[in-house]
Amino acid sequence: IVALLLGLPYALAVERWRVAGRRLLLVAGVTPLIVPPYLATIAWRGVFGPGGRVPLLLGWRPPPGPSVTVPSLVYTVPTGALLLGACLFPLVLFPAWAALRRLPASQLEAARLARGLRGERALLARALLPAACAGALAVAALALVEFALPQLLRIKVQSEQVYFAFQKEHDTARALLLALRASAPLLGAAAACAGGILLLPWGRRALGGSAPATRPLSRPAQVAAWLGCLLALAPGAWLPLLDVALRLIHRPAPPGARVPQGLARLRGVLEQAWTIGAPDAERSVWVGVLTATLGVALALGLAWWARRAGALTLAAGAALAALAVATPAPLVGMLVLVGLTQLKAYALLDGLGCLVLAHLLRFAPLALVLIAVAARGLREERLEAARLAGRSPLLGVGLPQLAPTLLAAWALLYVLAVTEYSATAVVEPPGQQVLALFVVNQAHYGEVSELAGLCTLLLGVVLWPLPPLAGLALWARRRA
């Protein structure tokens with residue numbers, strides 16, 4: 001519900017109402033997907049939790065003792081729902097934006113002339129419904145299997161019970177039963193929705209057309225739309241980044257003590273974080289690069305093979321992708337460990353291979369859906385011309401045309417693999433800790449002295465390949 005309330009108005013502001021600076025707002029809409037939910041939770045606790053910046057600013061100081069024992073609205077289920085919805089609402093925003101972008105203005109004008117404002121709203125709802133349902137179910141699936149955020153907020157969820165049943169009690173059968181019981185309703189709904197959306201004729205017709213339907217706004221309305229978009233980005237983007245920046249440059253000093261502040265504080269914190277987190281960061285980069293590269297390669301091969309498939313095949317593929325995303329992450333990790341143990345693949349169990357395999361099972365279907373949709377949009381006459389000229393249709397036409405989508409899918413898999421926690425906590429090999437797990441453990445056990453530097457290091461690991469990939473995508477788009 002939170003993702004729908006944030007994503008749909010954001011999409012309308014960017015595409016339907018065409019506010020000034022809409023491209024900047026569209027790029028900023030990606031930010032909540034880059035910042036992991038557990039970083040947003042750490043920031044939320046540091047700003048609004050007991051002993052946080054806002055209570056101290058208001059003159060309220062918590063009683064002595066652990067902060068989690070102090071009653072607070074931060075450690076509640078609504079707070080967890082708000083943070084997850086704010087971090088995942090781009091999964092509703094971008095499908096809705098794509099649906100609005102492909103809604104022809106001629107159809108909207110005809111609906112307005114025939115039935116007035118009611119007809120216009122009905123057509124908009126008809127175009128947005130499939131995209132909004134798919135995005136909302138994706139958000140619900142990811143929220144159901146989220147493990148790090150409830151752990152930081154001390155909220156009991158089913159994923160935690162699955163984790164403890166497998167890791168602590170070593171009861172694989174009970175863990176599997178708990179996972180299936182928790183996810184069965186959502187798995188069925190996600191599969192039915194993903195398959196049904198592609199089979200709905202009115203849903204497919206609503207996504208056809210060329211000229212987008214827009215409605216200009218007055219200047220006060222544009223200012224209000226801008227403020228609303230910035231407010232939607234605050235919990236999942238601006239607040240975590242601002243909290244990390246404040247932690248880096250300022251730390252309250254005890255009376256009479258001299259603590260470095262400003263640039264000296266920043267340099268010391270970053271050096272300390274690099275000293276203790278460099279090996280974990282290196283392993284995270286390798287896991288992300290291997291997951292993204294293998295996932296995109298596998299997805300490209302399957303998408304190219306299935307590009308001429310019918311609607312039923314596409315519906316089945318989308319349903320499988322929904323099932324993969326909605327499967328609880330601890331269950332995925334448990335299946336990977338059990339499978340590799342049965343195969344006696346000890347080289348994968350003792351190295352990073354088990355992490356890469358778990359991430360591929362979780363996230364590669366997302367890349368498959370993105371690339372399959374783009375591959376179906378390739379023009380057959382160009383492929384046939386390349387074939388008649390003696391060139392490979394895939395290498396001569398497919399790769400240049402699909403390059404922006406391939407780069408976007410690579411970036412998506414890399415970010416998800418680097419920031420993933422739930423399956424990593426289950427399959428992590430001894431002595432092979434990755435940075436995301438280290439950051440969550442530090443926050444969970446109250447080790448806040450190095451937290452700002454480690455969060456900055458994690459953001460650096462996430463962000464370093466994105467500018468080169470954006471440049472390559474622009475270059476490939478111009479060449480195509």
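Given the structure is predicted, the values throughout are model-derived calculations rather than measurements.
Rounding to the nearest 0.5 angstrom, the gap separating the CG atom in L357 from the CG atom in L290 is 12.0 Å. Atom CG of L25 sits about 12.5 Å away from atom CD of E15, to the nearest 0.5 Å. Remark: L361 CG to L335 CG distance equals 8.5 Å, nearest 0.5 Å. Residue L91 holds its CG atom at 11.0 Å from CG of L4, rounded to the nearest 0.5 Å. Taking CG of L6 as the reference point, atom CG of L233 lies at 9.0 Å (rounded to 0.5 Å). Here the straight-line distance linking atom CG of L407 with atom CG of L466 works out to 11.5 Å at 0.5 Å rounding.
For Y38 (side chain) and T419 (main-chain N/O), a donor-acceptor pair under 3.5 Å exists by modelled atom type. With hydrogens and angles ignored, the 3.5 Å screen pairs no side-chain donor or acceptor of R23 with any backbone N or O of V14. Using modelled atom types, no side-chain atom of D243 and backbone atom of L239 make a donor-acceptor pair closer than 3.5 Å. Side chain of T291 to backbone of G288: no donor-acceptor contact under 3.5 angstrom is found. Side-chain atoms of Y10 do not come within 3.5 Å of backbone N or O of P90 as any donor-acceptor pair. Although no hydrogens or angles enter the test, the distance criterion places a donor-acceptor pair under 3.5 Å between the side chain of R283 and the main chain of Q433.
Side-chain contact between V336 and V426 is absent, with no heavy-atom pair separated by less than 4.5 Å. In this structure, the side chains of L459 and L241 come closer than 4.5 Å at one or more pairs of heavy atoms. Contact check for P37 versus L149: side-chain heavy atoms found under the 4.5 Å cut-off. Contact of the L355 side chain with the V434 side chain is registered, since non-hydrogen atoms from C-beta on lie closer than 4.5 Å. A 4.5 Å side-chain heavy-atom check between L24 and W226 finds at least one atom pair inside the cut-off. With contacts defined as side-chain heavy-atom distances shorter than 4.5 Å, the pair F89/L33 does not qualify.
A 6.0 Å sphere centred on CG of L343 holds more than 12 heavy atoms belonging to other residues, nucleotides or ligands. W274 CH2: 12 or fewer foreign heavy atoms inside a 6.0 Å radius.
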Practice task
Walk me through it: do V418 and V285 pass the test side-chain contact (heavy atoms from CB on, under 4.5 Å)?
Solution key: CA-CA 7 Å; V418 167; V285 170; over 6 Å; no
Practice task
List the steps and the verdict of side-chain contact (heavy atoms from CB on, under 4.5 Å) for V35 and W238.
Solution key: CA-CA 10 Å; V35 179; W238 311 134; over 6 Å; no
Exercise for the section: Kindly determine whether F363 and L412 satisfy side-chain contact (heavy atoms from CB on, under 4.5 Å), including the steps that lead there. Expected result: CA-CA 9 Å; F363 305 130; L412 175 65; over 6 Å; no
Practice task
Would you please test W44 and T79 for side-chain hydrogen bond (donor to acceptor under 3.5 Å, both in side chains) and show each step?
Solution key: CA-CA 9 Å; W44 198 267; T79 299; 4.6 Å; no
Handout entry: L366/L416 under side-chain contact (heavy atoms from CB on, under 4.5 Å): CA gap, chis, key distance, verdict
Key = CA-CA 11 Å; L366 298 177; L416 290 175; 3.8 Å; yes
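Scanning both residues, A237 and T31, for their nearest heavy atoms gives CB-CG2, 3.6 Å. Of all heavy-atom pairs spanning I42 and C455, the tightest one is CD1-SG, 4.4 Å. Taking all atoms of both residues into account, the shortest heavy-atom contact from A132 to L8 is CB-CD2, 4.1 Å. Nearest heavy atom pair, residue A86 against residue P235, reads CB-CB, 3.6 Å. Closest heavy-atom contact between V415 and I34: CG1-CA, 4.1 Å. Smallest separation of non-hydrogen atoms from A11 and L100: O-CD1, 3.8 Å.
A donor atom on one side chain and an acceptor atom on the other are found under 3.5 Å apart for Y421 and Q151.
Under the 30°/60° scheme for interplanar angles, the aromatic rings of W464 and Y414 are found to stand perpendicular.
Taking a cutoff of 4.0 Å between a charged side-chain nitrogen and a carboxylate oxygen, R362 and E420 qualify as a salt bridge.
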